[in-house]
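Take a look at the structure set out below.
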Amino acid sequence: SEQRSFDEAMANMHILYAHEFSLTFRIETLTPDEVWEAMKENEQELVTVWDDESKSLKAKPLNKLMHNRVFYLERGWCKAEVEWSSLRTVNAQHQRIDGRDSKGSD
């Protein structure tokens, strides 16, 4: 079944991140507050997200979504990605590519 395949893939996700032949690129900064607020005010600005009710991807205005401004490295899954990626022999195979810290400063 699709759920079983998904569960099996998730159970081995750490292998993908730690594998010597894979790369991990991270963008840790959050959308700047002024951009976030402008998008919330504009109903024409849509973000494609999973919709549980329709069981499909849907474009929705930002103000209809749950607000989550938790910094990248304070999120459990993101921390796991960094830790697993750090297991590679060559640390250059996991890189932060936005050049700013997770709180938005240089």
Side-chain angles (χ1 to χ4, degrees):
S1 79
E2 183 177 344
Q3 186 63 48
R4 186 177 67 241
S5 295
F6 176 80
D7 292 343
E8 288 176 15
M10 291 304 291
N12 293 295
M13 192 58 65
H14 62 288
I15 294 169
L16 174 67
Y17 284 99
H19 198 281
E20 295 293 336
F21 295 130
S22 67
L23 301 171
T24 305
F25 298 108
R26 300 183 320 278
I27 297 174
E28 296 183 12
T29 53
L30 297 173
T31 303
D33 288 335
E34 61 275 8
V35 174
W36 183 268
E37 292 304 321
M39 281 188 71
K40 277 177 41 180
E41 291 174 14
N42 183 352
E43 290 278 329
Q44 304 306 310
E45 292 279 356
L46 303 177
V47 179
T48 303
V49 296
W50 179 257
D51 180 66
D52 278 332
E53 189 176 311
S54 67
K55 303 288 187 227
S56 66
L57 292 174
K58 275 193 167 177
K60 296 184 177 188
L62 191 62
N63 61 12
K64 302 290 186 220
L65 303 177
M66 183 182 298
H67 188 236
N68 182 355
R69 301 294 283 170
V70 176
F71 296 119
Y72 181 88
L73 290 176
E74 294 175 12
R75 296 174 184 226
W77 182 261
C78 298
K79 262 184 137 163
E81 291 173 344
V82 171
E83 294 298 323
W84 294 329
S85 297
S86 297
L87 294 172
R88 296 189 191 106
T89 305
V90 179
N91 279 338
Q93 288 177 262
H94 77 97
Q95 299 179 26
R96 179 171 180 183
I97 60 173
D98 59 353
R100 299 174 71 190
D101 71 27
S102 62
K103 296 189 169 122
S105 14
D106 291 324

Residues which pass side-chain hydrogen bond (donor to acceptor under 3.5 Å, both in side chains) with T89, listed by chain and number, not counting sequence neighbours: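 Expected list: E20.
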
Could you pull out all residues at least two apart from T24 that satisfy side-chain hydrogen bond (donor to acceptor under 3.5 Å, both in side chains)?
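Once residues adjacent in sequence are excluded, the partners of T24 under the side-chain hydrogen bond (donor to acceptor under 3.5 Å, both in side chains) criterion are S85, R88.
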
**OP:** Kindly assign one of parallel, tilted or perpendicular to the pair Y17 and W77, based on the angle between their ring planes and the thresholds 30° and 60°.
**Re:**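 Plane angle over 60°, so perpendicular.
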
Under 3.5 Å donor-acceptor pairs involving side-chain atoms of residues 61-69, not counting sequence neighbours:
unit_1, atom_1, unit_2, atom_2, d
N63, ND2, K40, O, 3.1
N63, ND2, E43, OE2, 2.7
H67, NE2, W36, NE1, 3.3
N68, OD1, V70, N, 3.1
R69, NH1, T31, O, 3.1
R69, NH2, T31, O, 2.5
R69, NH2, D33, OD1, 2.8

Review point. Can you tell me how far CZ of R75 sits from CD of E28, rounded to the nearest 0.5 angstrom?
Key: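 With rounding to 0.5 Å, CD (E28) is 11.5 Å from CZ (R75).
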
Give, for atom CZ of F6 and atom CE of M10, the distance between the pair rounded to the nearest 0.5 Å.
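The CZ atom of F6 sits 4.5 Å away from the CE atom of M10.
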
**OP:** Using modelled atom types only, decide if a donor and an acceptor are shared between the side chain of E37 and the backbone of E34 within a distance under 3.5 Å.
**Re:**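 No, E37 side chain to E34 backbone: no donor-acceptor pair under 3.5 Å.
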
Checklist entry - Is the side chain of N12 donor-acceptor paired with the backbone N or O of I15 at a distance under 3.5 Å, no angle test? => result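 Not confirmed, N12 side chain does not pair with I15 backbone.
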
**Request:** Could you tell me which non-hydrogen atom of S86 sits nearest to which non-hydrogen atom of N91, and how far apart they are?
**Result:**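 Distance-wise, the nearest heavy atoms are O-OD1, 3.7 Å.
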
Might you point out which heavy atoms bring L73 and K79 nearest each other, and give the distance in Å?
->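 Heavy atoms of L73 and K79 come nearest at O-CG, 3.2 Å.
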
Worked verdict on Q3 versus D7 for side chain to side chain donor-acceptor pair (under 3.5 Å)
CA-CA 6 Å; Q3 186 63 48; D7 292 343; 2.8 Å; yes

If you define the side chain from C-beta out and look only at heavy atoms, does anything of V47 sit under 4.5 Å from M39?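 They are in contact (side-chain heavy atoms under 4.5 Å apart), so the answer is yes.
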
Quick one, K58 and W50 - any side-chain contact, counting heavy atoms below 4.5 Å?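 They are not in contact (no side-chain heavy atoms under 4.5 Å apart), so the answer is no.
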
Counting only heavy atoms from other residues, nucleotides and ligands, does the tally under 6.0 Å from CD1 of I27 exceed 12?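 For I27, atom CD1 is not crowded (no more than 12 foreign heavy atoms under 6.0 Å).
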
